[in-house]
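One is the number of the first residue; the rest follow in order along the sequence.
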Amino acid sequence: MPHQELAKLAATVLQPGFVGTTAPDWVRRWLGEGLGGVALFARNVESPAQVAALTAQLRAERPDVIVAIDEEAGDVTRFESRHGSSRPGNLALGAIDDPELTEAVARDLGYELAHAGITLDYAPDTDVNSNPDNPVIGVRAFGAEPQLVARHSAAFVRGIQDAGVAACAKHFPGHGDTSVDSHHDVPLIDRDRAALDACELLPFRAAIEAGVKVVMTGHLLVPAYDPELPATLSRRILTDLLRTELGFDGLIVTDGIEMQGVARKYGLAGATVRAIAAGADAICVGGGLAGEDTAIELRDAIVAAVHNGTLPAERLYDAAARVGRLAAWTTAARRGTGVAAVPRSNGNGNGAKPQPGSAVGFDAARRAVRVTAADGAASLPITGAAHVVEFAPPRNIAVGEETPWGVSAPLDDLRPGTTSIRLTESYLAELTDPAATVLAGGDGRTLVLVVRDLHRHAWLADVITAVLARRPDAIVVEMGVPVTVLGGVHIATYGATRACGRAAAELIAGTPVPAPLAA
């Protein structure tokens with residue numbers, strides 16, 4: 001096979017990221033030379049109008065380019081990373097357990113992405129969060145019960161694909177029962193095949209039955225299927241299990257190939273070649289490596305692997321063909337949905353300050369909130385201003401560090417004069433009496449303690465317990481997985497998105513707000 005043809009096929013199966021809010025010269029040049037897709041991250045997003053201009057630049061070079069984004073519409077948001085998601089995220093939708101609402105939220109998201117020219121969303125997260133100590137999934141999952149996750153995964157797929165955006169079920173064959181983050185190492189899923197079929201695989205089967213166009217691999221070691229290779233690099237898992245047993249005929253894309261779950265042992269190029277040989281059709285890269293040099297390294301490694309026989313040419317042809325079929329579907333879907341003619345939300349016109357974003361998303365967040373009150377606890381809403389203490393846990397790399405979260409800002413909107421402080425584990429560890437610092441600003445005010453996954457952080461549980469011993473009237477707002485319930489009044493939001501924070505603030509303040517306006 002001529003080198004130039006091989007290089008074009010190799011470029012077709014790449015989905016690299018890049019830096020900037022406009023298309024770099026190298027990306028535009030590569031699109032003319034066969035690049036099949038690109039992946040957008042928070043660094044590429046300023047506003048919907050800016051993203052639409054960016055994707056128009058990309059389509060000027062290749063009309064059927066696949067434009068992907070990692071937008072879970074929850075704690076993991078790229079499209080709304082500057083303000084926080086105006087949708088509540090998967091765990092909140094699972095807590096409500098209304099598949100029609102999940103489908104509506106996904107459809108609303110799909111139209112917003114489609115208007116901006118995005119054609120593939122790396123969502124939904126289809127994992128069953130059966131391990132509550134999971135450090136990377138948590139609120140990203142619809143829940144811990146396989147049937148619940150299955151019905152909401154299918155609903156999300158139907159909704160977003162109705163809007164002309166391809167859905168992507170992840171992280172196959174299931175990242176929920178792990179205590180390790182695959183960004184850093186290889187998680188082990190130590191279950192037999194029967195247990196995997198009854199739990200992890202059930203939502204993927206449902207997503208496939210719903211017509212999901214893409215499945216993303218997880219960098220997971222699953223000895224029941226392959227005792228040596230992580231799923232992303234395993235033919236037994238990608239071809240024998242996903243293709244043959246589950247009958248998936250769409251596109252298989254890898255999780256970020258630079259993640260340490262595969263790159264540490266096999267290297268960037270080695271993992272890329274092994275993934276394609278195993279059955280992956282597209283390589284996602286660029287969360288941390290976003291330059292042309294990385295794209296060149298991967299393209300050249302694929303070409304060299306075909307030349308030396310490591311990667312069969314037929315497998316590369318098949319992968320590129322699947323990329324082409326997805327590109328054709330997205331092109332036809334954009335025409336079929338007529339996204340340019342779909343109206344966006346205009347708020348409710350009652351004169352109050354609107355909240356930019358998704359009206360259905362904010363409404364869903366309100367429906368998800370759950371309150372547990374002890375006997376004799378003060379009732380909601382509060383009167384007057386509050387003092388809010390937000391405890392920042394170690395950063396989840398999947399969520400990112402740039403996305404705002406919390407209750408203090410929306411509560412100050414509703415109860416002017418509200419004060420706030422954000423505390424970290426490292427700061428509190430240096431204090432003789434951390435509880436005193438937490439209490440310092442709360443004299444005469446309602447004290448609101450905001451946590452994320454209290455059950456996973458012993459340092460945080462210790463501080464909260466000490467504070468509640470002195471201020472049993474404090475309100476605890478859990479914005480993670482609500483395993484541990486403490487406090488006279490405990491509010492669970494099932495996520496830390498902007499919509500979740502607003503919903504909690506409204507409940508605390510007892511103040512309704514208008515429907516959102518489109519950003």
Side-chain angles (χ1 to χ4, degrees), residues 7 9-19 26-27 30 34-41 43-44 66-70 76 78 120 122 136 168-173 175 180-187 214-222 226 228-235 237-239 242 251-306 310-311 315-316 319-320 322-323 326 397-398 400:
L9 287 173
T12 299
V13 302
L14 298 181
Q15 292 183 358
F18 56 87
V19 176
W26 75 266
V27 170
W30 275 60
L35 182 64
V38 298
L40 303 185
F41 296 88
R43 62 180 176 239
N44 305 118
I66 296 169
V67 182
I69 195 167
D70 189 13
V76 175
R78 316 304 182 200
L120 166 61
Y122 296 142
V136 69
C168 174
K170 64 184 184 186
H171 306 79
F172 188 81
H175 207 316
V180 173
D181 183 346
S182 55
H183 289 87
H184 303 299
D185 210 337
V186 186
V214 182
V215 170
M216 176 178 281
T217 69
H219 305 326
L220 313 163
L221 188 64
V222 191
D226 193 325
E228 298 178 0
L229 294 171
T232 297
L233 313 182
S234 171
R235 182 173 179 82
I237 293 175
L238 299 191
T239 299
L242 182 55
L251 185 88
I252 300 175
V253 63
T254 69
D255 204 347
I257 206 69
E258 72 270 31
M259 291 164 60
Q260 293 303 302
V262 290
R264 175 176 294 165
K265 182 175 181 179
Y266 301 98
L268 197 65
T272 294
V273 170
R274 286 172 178 265
I276 297 172
D281 306 304
I283 304 295
C284 173
V285 65
L289 300 172
E292 184 180 13
D293 54 344
T294 299
I296 291 172
E297 179 185 356
L298 301 191
R299 180 196 62 192
D300 291 353
I302 294 169
V303 171
V306 174
T310 307
L311 175 63
R315 172 78 272 271
L316 181 58
R322 291 182 188 277
V323 172
L326 179 64
I397 194 170

*Asks:* Side chains of C168 and V215: closer than 4.5 Å at any heavy-atom pair?
*Replies:* no
*Asks:* Side-chain atoms of residues 299-306: list all donor-acceptor pairs with protein atoms under 3.5 Å, sequence neighbours left out, distances to 0.1 Å.
*Replies:*
none

*Asks:* By side chain to side chain donor-acceptor pair (under 3.5 Å), which residues pair with S234, not counting sequence neighbours?
*Replies:* D226
*Asks:* Please evaluate residues F18 and W26 with respect to the criterion side chain to side chain contact (heavy atoms under 4.5 Å, CB included), reporting the C-alpha separation (whole Å), side-chain torsions for both, the decisive distance (0.1 Å), and the verdict.
*Replies:* CA-CA 9 Å; F18 56 87; W26 75 266; 4.1 Å; yes
*Asks:* For Q15 and I66, run side chain to side chain contact (heavy atoms under 4.5 Å, CB included): C-alpha distance rounded to whole Å, both residues' side-chain angles, the deciding distance at 0.1 Å, then the answer.
*Replies:* CA-CA 8 Å; Q15 292 183 358; I66 296 169; 4.2 Å; yes
*Asks:* Within the 4.5 Å heavy-atom criterion, are L120 and V67 side-chain neighbours or not?
*Replies:* no
*Asks:* Evaluate the side-chain proximity of I296 to W30: yes if any heavy-atom separation is below 4.5 Å, no if none is.
*Replies:* yes
*Asks:* Side chain to side chain contact (heavy atoms under 4.5 Å, CB included) between K170 and D70: does it pass, once the steps are laid out?
*Replies:* CA-CA 11 Å; K170 64 184 184 186; D70 189 13; 2.9 Å; yes
*Asks:* Using every non-hydrogen atom in the two residues, find where L35 and L14 come nearest and quote the distance to one decimal.
*Replies:* CD1-O, 3.7 Å
*Asks:* I'd like to check P173 versus V222 (side-chain heavy atoms, cut-off strictly below 4.5 Å). Are they in contact?
*Replies:* yes
*Asks:* For residues V136 and H175, determine if any side-chain heavy atom of one lies less than 4.5 Å from a side-chain heavy atom of the other.
*Replies:* yes
*Asks:* Applying salt bridge (Lys or Arg N to Asp or Glu O under 4.0 Å) as the test, list every pair that has at least one member in residues 282-297; sequence neighbours left out.
*Replies:* R29-E292
*Asks:* Using side-chain heavy atoms (C-beta onward) and a distance below 4.5 Å, is T294 in contact with P16?
*Replies:* no
*Asks:* Cut-off 3.5 Å, no hydrogens considered: what does the side-chain donor-acceptor table look like for residues 268-291, sequence neighbours left out?
*Replies:*
unit_1, atom_1, unit_2, atom_2, d
T272, OG1, L268, O, 2.9
D281, OD1, R315, NH2, 2.8
D281, OD2, R243, NH2, 2.6
D281, OD2, I252, N, 2.9

*Asks:* Would you check if the side chain of H219 reaches a backbone N or O of G256 as a donor-acceptor pair within less than 3.5 Å?
*Replies:* yes
*Asks:* So, using side chain to side chain donor-acceptor pair (under 3.5 Å) as the criterion, who are the partners of T217 when residues are at least two apart?
*Replies:* T232
*Asks:* ring-ring contact (aromatic ring centres under 6.0 Å, His included) with F172: which residues, sequence neighbours excluded?
*Replies:* F204
*Asks:* Which value, rounded to the nearest 0.5 Å, describes the distance between M259 atom CE and R264 atom CZ?
*Replies:* 11.5 Å
*Asks:* Do I69 and Y122 make a side-chain contact, defined as non-hydrogen atoms from C-beta onward lying under 4.5 Å apart?
*Replies:* no
*Asks:* Could you state the interatomic distance from NE2 (H171) to CG (L220), rounded to the nearest 0.5 Å?
*Replies:* 8.5 Å
*Asks:* Give me the atom names and distance for the closest heavy-atom approach of V262 to P230.
*Replies:* CG1-CG, 3.9 Å
